[in-house]
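If you read the sequence from its start, that first residue is 1, and numbering goes on from there.
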Amino acid sequence: MNSNEQQELERLFGSHPCIKATLEQTCGFGYKNSDTTKAQPIFRDRESLLGHVVQRAKSLGTWIERIEDYAGKMIGNGQENDVFISKDNLYAIKLNNFALLSPSATSLDGFIHRLMAHNELFPDDAYIIIGFTHNSIGEPCVVLKQPFMRRLTIFSNHMVTPLIWTTSGLMVNMKFLMSSPPMSLLTLMAISTSLMPWSTMSTTRWMR
């Protein structure tokens with residue numbers, strides 16, 4: 001792991017000293033133990049892996065019994081996340097139930113790398129792990145915090161046009177995108193559908 005990756009990992013774990021300790025035996029990167037004789041747990045599958053995370057979180061004080069202490073009302077949910085607004089209205093609090101983790105998974109490497117990739121692409125909207133909990137149906141979850149996206153701006157046709165032009169298909173002006181403020185995945189997905197007639201679609205961009 002290079003220094004940039006290490007920095008992203010540390011940022012993801014935030015300021016809580018025990019978040020890293022909760023996850024250290026479930027990830028194969030970033031944890032070089034000088035005691036090579038120390039036995040490492042072997043996880044059979046997703047269930048045993050997440051069971052270990054729950055046990056570690058409860059023993060290390062990173063388990064959140066009442067999400068209500070951190071979050072206000074729920075504003076959305078899907079396959080992977082229940083989304084709440086923090087009590088100070090500054091952050092989105094997400095209960096991620098590891099839905100995309102394979103039933104045969106024996107580590108959280110892929111999940112952690114996915115969060116790190118998001119943080120590298122969108123540093124202004126970076127995730128921080130603040131703990132672990134159960135959701136309303138009892139699934140073990142990691143609790144994520146990120147800045148709340150406050151308002152929705154509708155892009156008009158003439159605003160979208162500089163981003164896109166067609167030459168034997170859809171082409172995206174990457175130089176323009178790279179020089180613009182960070183865009184969410186919603187924006188990029190909306191741009192990718194822009195071959196639809198302008199009159200039948202709107203391109204949206206979430207802004208802070």
Side-chain angles (χ1 to χ4, degrees), residues 1-24 26-31 50 53 56-57 60-64 67 69-101 105 107-133 135 140-153 172 174 176-192 204-208:
M1 173 173 291
N2 61 40
S3 60
N4 287 338
E5 290 174 326
Q6 188 64 42
Q7 288 176 2
E8 289 295 336
L9 190 64
E10 296 298 333
R11 178 166 65 159
L12 177 63
F13 291 156
S15 60
H16 197 303
C18 292
I19 294 293
K20 182 175 181 178
T22 301
L23 294 173
E24 65 183 352
T26 66
C27 302
F29 62 94
Y31 302 102
L50 296 184
V53 171
R56 290 281 288 177
L60 291 171
T62 58
W63 185 259
I64 297 173
I67 194 62
D69 293 338
Y70 294 81
K73 67 177 182 179
M74 180 186 288
I75 59 170
N77 66 330
Q79 177 189 8
E80 190 177 17
N81 293 300
D82 291 341
V83 185
F84 300 81
I85 296 297
S86 64
K87 287 192 168 183
D88 59 10
N89 294 319
L90 296 178
Y91 297 94
I93 304 295
K94 296 182 178 180
L95 308 191
N96 184 296
N97 64 2
F98 300 99
L100 301 185
L101 194 66
S107 85
L108 293 178
D109 283 2
F111 178 79
I112 296 298
H113 274 299
R114 185 156 62 92
L115 295 178
M116 289 170 62
H118 170 94
N119 289 356
E120 185 174 1
L121 288 170
F122 308 109
D124 290 341
D125 303 310
Y127 286 116
I128 296 176
I129 296 175
I130 63 172
F132 305 86
T133 192
N135 62 16
C141 296
V142 59
V143 184
L144 304 171
K145 180 175 80 170
Q146 69 178 147
F148 179 50
M149 313 294 274
R150 290 191 171 278
R151 62 185 183 273
L152 182 66
T153 298
V172 178
M174 293 304 295
F176 185 95
L177 290 178
M178 294 300 289
S179 65
S180 299
M183 293 186 178
S184 70
L185 293 179
L186 176 63
T187 303
L188 299 180
M189 291 171 63
I191 290 173
S192 71
T204 61
R205 176 180 178 186
W206 287 100
M207 302 181 67
R208 289 182 65 181

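The side chain to side chain contact (heavy atoms under 4.5 Å, CB included) search around A71 returns I67, F84, I93, not counting sequence neighbours. For Y70, there are no side-chain hydrogen bond (donor to acceptor under 3.5 Å, both in side chains) partners, not counting sequence neighbours. Partners of R11 by side chain to side chain contact (heavy atoms under 4.5 Å, CB included), not counting sequence neighbours, listed by chain and number: E8, N119, P123, A126. For L101, the side chain to side chain contact (heavy atoms under 4.5 Å, CB included) partners at least two apart in sequence or on another chain are R46, L49, L50, F98, A105, L108. The salt bridge (charged side-chain N to carboxylate O under 4.0 Å, His left out) check on E10 picks up K20, with sequence neighbours excluded. Remark: I75 pairs with K73, V83, I85, F148 by the side chain to side chain contact (heavy atoms under 4.5 Å, CB included) rule, at least two apart or across chains.
In this structure, the separation between NZ on K145 and CG on L90 is 9.0 Å, given to the nearest 0.5 Å. The distance from atom CD of Q146 to atom CD1 of I128, rounded to the nearest 0.5 Å, is 10.0 Å. Here T22 contributes atom OG1 and I129 contributes atom CD1; the two are 9.5 Å apart, rounded to the nearest 0.5 Å. Interatomic distance, CG of D125 versus CG of L121, reported as 11.5 Å (0.5 Å rounding). Note that CE of M74 is 7.0 Å distant from CG of L95, once rounded to the nearest 0.5 Å. Rounded to the nearest 0.5 angstrom, F111 CZ and E80 CD are separated by 6.5 Å.
Heavy-atom minimum distance, G131 versus I64: CA-CD1, 4.1 Å. Scanning both residues, D109 and C27, for their nearest heavy atoms gives OD1-CA, 3.1 Å. The minimum heavy-atom distance between F13 and L23, with the atom names listed, is CE2-CD1, 3.7 Å. When all heavy atoms are compared, the tightest approach of Y127 to L12 is O-CD1, 3.7 Å.
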(request) Check the pair L9 / I112 against side-chain contact (heavy atoms from CB on, under 4.5 Å), numbers first and verdict last. (result) CA-CA 8 Å; L9 190 64; I112 296 298; 3.8 Å; yes
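Checked by atom type and distance alone, the side chain of R56 pairs as donor or acceptor with a backbone atom of A21 at under 3.5 Å.
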